[in-house]
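Reading through the structure tokens given below for one structure.
If you read the sequence from its start, that first residue is 1, and numbering goes on from there.
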Amino acid sequence: MRILGIESSCDETGIAVVEDGQVVLAQSLASSMDIHAQYGGVIPEIAARSHIEAIIPAIDATLQQLSRENNNQDPWTLIDGIAVTYGAGLSGSLLIGVLTARTLAIIKQKPLYAINHVEAHVYANYLVDPAPVFPVLALIVSGGHSQLVLFSNHFDYVLLGQTKDDAIGEAFDKVAKIIGLPYPGGPNIASAALQGDPSRYALPKAKVDGKYNFSFSGIKTAVLRTAQAEIGGDFRTPSTAIASQLTLQQKNNIAASFQHVAIQTVVEKSVTAFHEYHPKTVVIAGGVAANQELRKQLAAAIPIPIHYAPPALCTDNGAMIATLGCYKAMQNQPVADPYELDIQPNLKM
Ligand code: KG4
Ligand code: ZN
């Protein structure tokens, strides 16, 4: 079973062909991140335009790779279906992927699978040996989502909890902006934190209704107040005036203190869920799963190995979409109508 996966929900155009939900046969990734970095965050209009430019060359490159590895056969004879992200994400960005996939499904007469982006993040872990074993407890932490999900089987899961406001990755990005680190903030906070003291500032852990729900907007505000106080200002000091007045050591200490508490929050809830549901596997998924502090804290707190994918498979990519597409195809899940499939920007798990 070989599926072509198409991802375009945010600022990455990710294309890949995956076999049996296990092996990446070919892939290509184009990103408009460098352009967004100049503005300090993703500009939806620019992201959509970049997908338009990137998507056909990325598909071509992927299919050529596939063909080269298979005695120059027509790549379409090797592909059994097409999987595409139809939500959640930015409307303009999603549209480009979905319309491309629909067109290819019609012209090439391949079944089309509609993929939930957040669910697909979990499936990146099936590309890593050993594959997760059910029941699986998944901590999904990205720029758009923070969720704890318990999978009893493929396509059979319950949402245990989720963020009530900002996603954890969004908080990393906003804190980075306050202290003057470039977008995307996550990796930059992580490297600044290596030089900082995580106990320098006592930042609050949010209290939130629901055992497994999260909240990250409070800690972001606490960081803002801390930074304002450090430069001798108060709550009226504009956030844009702070970074230039902080020393490098202050920035590193803020990064380390924020990262420590934000990560501790998701780790504590994961540990509680682990003891309540006794999963056979714990996986972390989404862009923030690339965070070393998260991997370290979870591994120390949970007595079974934690599954995570290499960083390039944690952030948005086509392989995770193709992988979930393979499982949908192999388990005879419903196909989408290539004449009808619409985007769902607010799609939930
Ligand atoms: O999964 P992803 O690529 O896109 C979404 O679906 O949102 O996640 C992107 C998010 C960004 O907020 C980025 O700052 C964060 O993942 N991120 C990290 C790290 N690498 C990426 N956050 C913390 N530590 C990292 N090493
Ligand atoms: Zn994502």
Side-chain angles (χ1 to χ4, degrees), residues 5-10 12 14 21 83-91 93-94 97-98 113-127 131-171 208-216 265-266 269-270 272-274 276-277 279-289 294 307-309 313-328 331 333-334 336 341-349:
I6 300 180
E7 155 62 30
S8 74
S9 65
C10 189
E12 327 271 1
V84 65
T85 304
Y86 76 117
L90 302 169
S91 316
S93 292
L94 288 168
V98 166
Y113 297 95
I115 301 295
N116 178 328
H117 177 91
V118 181
E119 198 179 334
H121 267 301
V122 176
Y123 278 75
N125 289 281
Y126 284 88
L127 295 168
V133 179
F134 295 110
V136 171
L137 175 66
L139 172 65
I140 308 170
V141 276
S142 75
H145 304 272
S146 309
Q147 306 185 325
L148 265 171
V149 182
L150 186 69
F151 286 77
S152 308
N153 208 329
H154 294 293
F155 316 112
D156 179 7
Y157 55 78
V158 284
L159 177 63
L160 302 179
Q162 62 189 329
T163 183
K164 291 288 167 195
D165 39 57
D166 292 354
I168 183 170
E170 199 178 342
V208 57
D209 291 346
K211 203 166 169 186
Y212 296 115
N213 286 335
F214 306 108
S215 161
F216 292 101
T265 306
V266 293
K269 304 239 165 172
S270 306
T272 308
F274 174 80
E276 180 165 352
Y277 297 102
K280 286 214 172 79
T281 307
V282 176
V283 312
I284 46 177
V288 183
L294 171 59
H307 281 237
Y308 47 78
L313 287 173
C314 290
T315 47
D316 293 349
N317 64 85
M320 67 186 201
I321 307 302
T323 303
L324 179 49
C326 285
Y327 281 96
K328 287 210 167 189
Q331 310 243 337
Q333 291 287 303
L341 179 63
D342 206 353
I343 60 166
Q344 284 197 35
N346 298 316
L347 184 65
K348 302 273 179 287
M349 289 251 344

Exercise. Compare all side-chain heavy atoms of Leu139 with those of Leu294 and state whether any distance is below 4.5 angstrom.
Key: yes
Quiz item: Do you know which two heavy atoms are closest between Val266 and Ser270, and how far apart they sit?
Solution: O-OG, 2.7 Å
Practice problem: Using modelled atom types only, decide if a donor and an acceptor are shared between the side chain of Lys328 and the backbone of Ala114 within a distance under 3.5 Å. | Solution: yes
Quiz item: Going through the checks in order, is the side-chain contact (heavy atoms from CB on, under 4.5 Å) test met by Leu347 and His117?
Solution: CA-CA 9 Å; Leu347 184 65; His117 177 91; over 6 Å; no
Quiz item: So how far is it from Thr315 OG1 to Met320 CE, rounded to the nearest 0.5 Å?
Solution: 8.5 Å
Exercise. Please report the shortest heavy-atom distance between Gly286 and Ser142, naming the atom on each side.
Key: CA-CB, 4.1 Å
Quiz item: Given the rule in the side-chain contact (heavy atoms from CB on, under 4.5 Å) test, do Cys10 and Leu90 qualify, once you have shown the distances and angles that lead to the verdict?
Solution: CA-CA 6 Å; Cys10 189; Leu90 302 169; 4.3 Å; yes
Quiz item: In terms of ring plane angle, is the pair Tyr157 and Phe151 parallel, tilted or perpendicular, where the classes change at 30° and 60°?
Solution: tilted
Quiz item: Near Asn153 CG, under 6.0 Å, is it more than 12 heavy atoms from other residues, nucleotides or ligands?
Solution: yes
Self-check item: Closest non-hydrogen atom pair, Ser8 against Gly97
Solution: OG-N, 3.2 Å
Practice problem: Could you tell me the separation between the CD atom of Glu12 and the OG1 atom of Thr85, rounded to the nearest 0.5 Å? | Solution: 12.0 Å
Self-check item: Euclidean distance, Ile168 CD1 relative to Phe216 CZ, rounded to 0.5 Å
Solution: 4.0 Å
Self-check item: Backbone N/O of Pro132 and side chain of Thr281: donor-acceptor pair under 3.5 Å
Solution: no
Quiz item: Ala88 and Ser9: which non-hydrogen atoms are nearest, and at how many Å?
Solution: O-CB, 3.6 Å
Practice problem: Indicate the ring-plane relationship of Phe155 and Tyr123, choosing parallel, tilted or perpendicular according to the 30° and 60° boundaries. | Solution: parallel
Practice problem: Output the distance between atom CD1 (Ile6) and atom CD1 (Ile321), rounded to the nearest 0.5 Å. | Solution: 10.0 Å
Self-check item: For the student: nearest non-hydrogen atoms of Met349 and Asn116, plus distance
Solution: CA-ND2, 3.9 Å
Practice problem: Check whether any side-chain heavy atom of Val208 sits under 4.5 Å from a side-chain heavy atom of Asp165, and report yes or no. | Solution: no
Self-check item: Nearest-0.5 Å distance, CG of residue Leu324 to NE2 of residue His154
Solution: 9.5 Å
Practice problem: Report the C-alpha separation of Ile140 and Val122 in whole Å, then their side-chain angles, then the decisive distance to 0.1 Å, and conclude whether the side-chain contact (heavy atoms from CB on, under 4.5 Å) test is met. | Solution: CA-CA 7 Å; Ile140 308 170; Val122 176; 3.5 Å; yes
Quiz item: Are side-chain heavy atoms of Phe274 and Pro279 found at a separation under 4.5 Å?
Solution: yes
Quiz item: With a 3.5 Å cut-off and no angle check, do the side chains of Tyr327 and Glu119 form a donor-acceptor pair?
Solution: no
Exercise. Nearest 0.5 Å please: distance from the NZ atom of Lys269 over to the OH atom of Tyr212.
Key: 9.5 Å
Exercise. Indicate whether the side chain of His145 and that of Gln162 have a donor and an acceptor atom separated by less than 3.5 Å.
Key: no
Exercise. Might you point out which heavy atoms bring His121 and Asn125 nearest each other, and give the distance in Å?
Key: O-ND2, 4.0 Å
Practice problem: Show your reasoning for whether side-chain contact (heavy atoms from CB on, under 4.5 Å) applies to Leu160 and Tyr277. | Solution: CA-CA 11 Å; Leu160 302 179; Tyr277 297 102; 3.6 Å; yes
